[in-house]
Amino acid sequence: MAMAREPRLPSLAAALEALPHWSILLVAAIAVRAVAFGNPVVHVDEEFYFLTAQRMLEGALPYVDIWDRKPIGLFLIYLPAAAFGPVIGLWAYQTMALASVVVTALLIARLAERGGWGKGGLVAGLLYLFMLGFGDGQSGQAPVFYNLLTAAAMILAVPCGASAANTRLRRARAIGAMALIGVALQVKYSVLFEGMFLGLWLLWREHRLGRAKVRIGWFGVELIAVAMVPTFLAWGVYAAIGHGYAWFYANLGSILDRNSDPALELLGNFLKVALILAPLLVVSGLSRHVPTSDEGERPIRALYFGWLIASVFGLIVFGTWFNHYALPVMLPACLCCAGYLGSVAAGRRIVAPLLLLVAGVGGEITVWSAKWHRGDAEQLETLAEAIGRGPGCLYVYSGNSSLYSHTGRCALSPWVYPSHLTRERENGAVGVDQLTEIGRIFDQRPEIVVMGPAFSGERMESRRLVADRLTAGGYASRGRYPLGKTLLEVYAAPGSTAGVASPRRAARSPS
């Protein structure tokens, strides 16, 4: 009598395939981003976005009462989270960012399917989640949010059978796509080149479908107008309240006026970004050789590769090349990896697992390293206690703008992001003379001054001026407090009671 065979357990791959993609991506996103949860000093940019949103809730007007060159949409994203204060609000915007990256990864899988790369869609979505850590995308950086808008725009733009035969539907989807690009522009202007490419591709598609040149020309005007509506609306609101020039200079003029960083620093930043993106770009190139099963997939893939090229061009043109500048490129690059990773045997069996492993482990190591270098919530709280939460105002010459949020102290200048008054590259590019503004701050007698060590790219005239004003004003050092690898020195005005909390945690200044 034949023995009955016991049922075999399903393979891991089969088990994963049975799960909905959103659940796999959500669990993966939580796992790789958990290190950053609750850390208020993940990145100086996010600290400032949150502070600006807080001050907006108190009545401050960006570009006038608190200055930066980022578009207004970025601060509006942080606004709901800022309403909860610096502790719960941090968790709120990090939850928003988590949701954003998961939906973006889902859209990557959907776009891959539309291009005939469906077998690699889930892997591409996971790769995007894992790679974000290399580009400081583990929390709430701007591209974490606007990548979602760009991916959604591409979903609308991708050709489908219904839109090819229906001019009205195709036109509506194209206008919707450019409207999303317009909103993304008001989160960060670096999406400009991706938007320009998408608009040109939409016009090229109309040409391929045989539409008259005049109609295509008018359609192009419509697409440009739709994409520019959010930006002109923001400018118009500021103009209506008498601050049109302030908006224009912050959003455009200051970008053109900004100086370059030291050449060696620029080269180092560029090489680091190139190293981060290199594996994705190589695998994307291999995807070009994946055969199509349907001729309708060719223009879709052309759209994806063109998008990738446009994003790389935008990265190169904008310069400076900090790690987070790689984040917009990661979106189309991970998408274009889907072809080789899902449709080629070697890509599916060897390269995909290896790439996911390297991205997952390497991304986590990068995030842990960033935490070690930049600090954590406990260190920030110790520093905030040393500064105190009294009525006097604070001036952070160099350090973290989140100190304003966590101490509740007032600022004495619209230029609260330290780099605007301290970096050589910002000299002549912030709408005010740096030294004059520093002098004006000290004329108002800040209660507490925070100063970090000298750094590459710092304008030394600014540092010397601060040192002179501290000495002339009788400011006393209350200790040096670690925030990651940096020691921030706290100075208090004569008679101040700040700096007496938690002295055991301070690395005291030599007397």
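Numbers here are sequence positions counted from 1. None of the values given here were measured: they were computed from a predicted structure. Side-chain atoms are counted along with the backbone in the values below, which use heavy atoms only and exclude waters and symmetry mates.
- In this structure, Phe322 and Tyr325 have perpendicular ring planes: the angle between them is above 60°, well past the 30° mark.
- Minimum interatomic distance between Leu223 and Met178 (heavy atoms only, all atoms of both residues): CD2-CG, 3.8 Å.
- Around CG of Leu264, the count of heavy atoms belonging to other residues, nucleotides or ligands within 6.0 Å does not exceed 12.
- Remark: the Ser139 side chain and the Gln94 side chain contain an N/O donor-acceptor pair separated by less than 3.5 Å.
- No donor-acceptor distance shorter than 3.5 angstrom exists from the side chain of Trp201 to the backbone of Met196, with no hydrogens or angles considered.
- Across Val416 and Ser413, no two heavy atoms sit closer than the pair CG1-O, 3.2 Å.
- Judged by distance alone, the side chain of Thr292 and the main-chain N or O of Arg298 form no donor-acceptor pair under 3.5 Å.
- With Asn147 contributing its side chain and Leu331 its backbone, the two residues share no donor-acceptor pair below 3.5 Å.
- Tested against Ser405, the residues Gln54, Glu47, Arg55 include a single side-chain hydrogen bond (donor to acceptor under 3.5 Å, both in side chains) partner, Gln54.
- Counted within 6.0 Å of CZ on Phe84, heavy atoms from surrounding residues, nucleotides or ligands total 12 or fewer; the atom is thus considered open.
- Minimum heavy-atom separation, Leu315 to Ala326: CD1-N, 4.4 Å.
- Between Arg374 and Asp136 there is a salt bridge, since a side-chain N of the basic residue sits under 4.0 Å from a carboxylate O of the acidic one.
- The closest donor-acceptor contact from the side chain of Thr150 to the backbone of Tyr146 lies under 3.5 Å.
- A cation-pi arrangement is absent between Arg409 and Tyr404, since the terminal nitrogen or guanidinium carbon is not both under 6.0 Å from the aromatic centre and inside a 45° cone about the axis.
- Side-chain atoms of Ser100 come within 3.5 Å of backbone atoms of Val144 as a donor-acceptor pair (strictly under, hydrogens ignored).
- Panel note: side chain Ser254, backbone Gly431; no donor-acceptor pair is recorded below 3.5 Å.
- Counting only distance, with no hydrogens or angles, the side chain of Arg480 and the backbone of Leu488 share no donor-acceptor pair below 3.5 Å.
- The two residues Ala28 and Leu126 make their nearest non-hydrogen contact at CB-CD2, 3.6 Å.
- Using a 30° and 60° split on the angle between ring planes, Trp67 and Tyr249 fall in the tilted class, from 30° to 60°.
- A salt bridge links Arg69 to Glu426: one of the charged nitrogens lies within less than 4.0 Å of a carboxylate oxygen.
- Counting only distance, with no hydrogens or angles, the side chain of Gln138 and the backbone of Val35 share no donor-acceptor pair below 3.5 Å.
- Judged by distance alone, the side chain of Tyr63 and the main-chain N or O of Asn251 form no donor-acceptor pair under 3.5 Å.
- The environment of Phe270 atom CZ is sparse: at most 12 non-hydrogen atoms of other residues, nucleotides or ligands sit within 6.0 angstrom.
- Without hydrogens or angle criteria, Asn400 side chain to Ser402 main chain gives no donor-acceptor distance under 3.5 Å.
- Of the charged side-chain nitrogens involved, at least one lies within less than 4.0 Å of a carboxylate oxygen, so that Arg389 and Glu381 count as a salt-bridged pair.
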* Test ring-ring contact (aromatic ring centres under 6.0 Å, His included) applied to Trp415 and Phe48, step by step -> CA-CA 11 Å; Trp415 288 267; Phe48 179 71; over 10 Å; no
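- A salt bridge links Glu458 with Arg463: the closest approach of a Lys/Arg side-chain nitrogen to an acidic carboxylate oxygen falls below 4.0 angstrom.
- In this structure, Tyr78 and Tyr93 have tilted ring planes: the angle between them lies in the 30° to 60° band.
- Interatomic distance, Asp261 CG to Ser456 OG, rounded to the nearest 0.5 Å: 7.5 Å.
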